[in-house]
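A short write-up of the structure that comes next.
Quick caveat, the model's predicted, so the values are computed rather than measured. So you know, we letter chains A, B, ... as the sequences are listed, proteins then strands, and number each from 1.
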2 protein chains.
Amino acid sequence: MTTRAVPGPRERLLEAAKELTYAQGVGVGVDALLKSANVARRSLYEHFGGKDGLIAEVLRLTAAEDEAAYEQTMRAAGDDPRERLLAVFDWLGEVVAAPDFRGCRYLGAELALADPDHPAHAVIRGYREHLHELFERELRALGHPQPAGAADQLVLLIDGVLAVGAIRPDSRPAAAARRLAEHTVGDRRLSTGGS
Amino acid sequence: MTTRAVPGPRERLLEAAKELTYAQGVGVGVDALLKSANVARRSLYEHFGGKDGLIAEVLRLTAAEDEAAYEQTMRAAGDDPRERLLAVFDWLGEVVAAPDFRGCRYLGAELALADPDHPAHAVIRGYREHLHELFERELRALGHPQPAGAADQLVLLIDGVLAVGAIRPDSRPAAAARRLAEHTVGDRRLSTGGS
DNA sequence: TCCTAGATAGACCGTTCGGTCTATCGACCA
DNA sequence: TGGTCGATAGACCGAACGGTCTATCTAGGA
């Protein structure tokens with residue numbers, strides 16, 4: 001049974017941890033997670049082996065969701081790779097402006113988990129690589145001369161938006177980043193084969 | 001006596017906290033701080049009122065140091081505002097490449113301290129504003145048409161460098177950001193009064 | 001010389017931490 | 001009907017948490 005009519009303890013725990021580890025940081029207590037999920041203490045250790053396992057699994061889950069959100073945003077922006085890439089920054093503007101926005105979940109976990117062997121770090125790196133490949137693919141379709149380097153720049157701009165948004169959400173960082181992203185992806189003439 | 005020959009408990013505590021809160025995050029225990037600083041438990045509460053007060057004071061201290069580092073970097077780059085601004089990104093390249101680099105201290109604290117009333121948040125915002133004003137001043141000297149907006153972009157690029165550097169220090173994010181910063185500050189012709 | 005102020009060590013407080021344990025409950029299946 | 005398995009509640013563990021306390025020591029000034 002991989003599907004069930006009503007969410008089981010595992011699903012409830014993941015959902016509660018997804019919200020609490022974002023709102024409070026990965027330092028939330030196990031008790032708070034169990035209480036919020038209405039799950040027995042033992043279930044956590046049965047399903048995830050411990051708090052660290054739960055955190056890593058939550059990041060895996062949200063990474064898949066966030067990757068899908070990026071892809072959906074680009075899909076909805078049409079067929080032009082340039083428009084698809086820039087649409088990401090318009091969408092980020094909404095993300096950052098949301099009242100419960102509290103910065104990038106992955107960067108928060110990366111900085112909070114001092115242990116370099118924590119399983120979350122590998123998940124975070126994988127998420128970043130996925131985004132990088134996503135952008136690089138579009139840049140290749142655009143005929144960009146340096147798709148890998150340009151993808152580096154786009155990822156950096158996204159990090160900047162999420163970081164600035166965490167501290168000064170009112171400063172509209174996504175708009176500032178979009179202007180730089182327009183420069184990164186190149187102007188419209190470039191898509192016909194510039195130098 | 002504001003100066004003393006040998007660092008007193010307050011100075012030792014600040015120094016130890018500066019290192020430990022960066023290496024381990026602001027979640028470090030009070031015991032670890034006291035042991036590292038070789039300071040009596042009571043001294044912490046006498047001087048800083050508690051852990052939160054110590055953290056805020058550490059951020060105030062490092063903010064002053066970091067602001068001075070930015071200014072020194074720009075001063076050493078000469079008189080041309082354009083070169084002074086771009087030199088910041090060359091310097092950031094060294095910062096990120098340092099073996100003990102672990103991301104931006106301020107962003108880490110911002111994301112880790114869930115309590116919006118924590119005194120550290122005000123310190124962090126003040127630090128950001130100081131940097132913004134520093135850049136805006138140079139951009140005005142450059143004759144940039146939108147100094148405030150361009151300063152927003154530079155701060156965003158710095159955040160991006162520090163964020164990417166925390167996760168993939170080997171990807172040379174400062175070099176990617178510098179190329180974008182060159183676009184932000186404008187090319188050389190602009191300093192003579194372009195559109 | 002005595003007094004005071006600051007620093008020390010460290011016991012102690014109640015709470016919370018992550019994790020392990022036993023015992024019970026309830027649904028499903030043979 | 002009896003057995004099994006997943007989930008439950010919750011006691012319990014040692015350790016660490018942030019913070020308060022007393023008592024002792026020591027350097028500086030009157």
- Checking all strands, does B/R10 fall into the base, sugar-phosphate, or nothing category for heavy-atom contacts under 4.0 angstrom?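 No contact at all - B/R10 keeps every heavy atom at 4.0 Å or more from the nucleic acid.
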
Between atom [atom1] in [X] and atom [atom2] in [N], what is the gap in whole Å?
{"X": "A/F48", "N": "D/dG6", "atom1": "CZ", "atom2": "P", "answer": "15 Å"}
{"X": "B/E46", "N": "C/dT4", "atom1": "CD", "atom2": "C1'", "answer": "15 Å"}
{"X": "B/D115", "N": "D/dG18", "atom1": "CG", "atom2": "P", "answer": "15 Å"}
{"X": "B/K51", "N": "D/dA16", "atom1": "NZ", "atom2": "P", "answer": "15 Å"}
{"X": "A/I55", "N": "C/dC17", "atom1": "CD1", "atom2": "C1'", "answer": "13 Å"}
{"X": "A/R12", "N": "D/dA7", "atom1": "CZ", "atom2": "P", "answer": "9 Å"}

Ion pair [X]/[Y], N-O distance below 4.0 Å:
{"X": "A/E46", "Y": "A/R10", "result": "no"}
{"X": "B/E65", "Y": "B/K18", "result": "yes"}
{"X": "A/E133", "Y": "A/R137", "result": "no"}
{"X": "B/R60", "Y": "B/E57", "result": "yes"}

Considering only heavy side-chain atoms of B/V30, the closest of C/dG18, C/dA7, D/dG18 is D/dG18

Of D/dG18, C/dG18, D/dT8, the nucleotide closest to the side chain of A/Y45 is C/dG18

- Query: Within less than 4.0 Å of OP1 or OP2 of D/dA7, is there a side-chain N or O belonging to A/H47?
  - Reply: yes

Here the residues of residues 14-28 of chain A within 4.0 Å heavy-atom distance, strictly under, of DNA chain D are none

Item checked: Residues B/Y22, B/V58; criterion side-chain contact (heavy atoms from CB on, under 4.5 Å); working and verdict -> CA-CA 10 Å; B/Y22 184 63; B/V58 164; over 6 Å; no

DNA chain C contacts among residues 33-44 of chain A, heavy-atom distance under 4.0 Å: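 Heavy-atom contacts with DNA chain C come from A/R41, A/R42.
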
Could you go through the salt bridge (Lys or Arg N to Asp or Glu O under 4.0 Å) check for B/R140 and B/E136 one step at a time? CA-CA 6 Å; B/R140 285 192 196 282; B/E136 188 173 343; 2.6 Å; yes

### Query
In terms of heavy-atom contacts, does CZ of B/R102 have more than 12 from other residues, nucleotides or ligands at under 6.0 Å?
yes

Stepwise salt bridge (Lys or Arg N to Asp or Glu O under 4.0 Å) test for B/E182 and B/R178: CA-CA 6 Å; B/E182 289 171 1; B/R178 192 197 145 112; 2.9 Å; yes

**Study point:** Separation between CG of A/D152 and CZ of A/F135, rounded to the nearest 0.5 Å
**Key:**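 Result: 11.5 Å between the selected atoms.
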
**Q.** Earlier contact from the 5' end, DNA chain C, for A/D31 and A/G49
**A.**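 Its nearest nucleotide lies further toward 5', so the answer is A/D31.
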
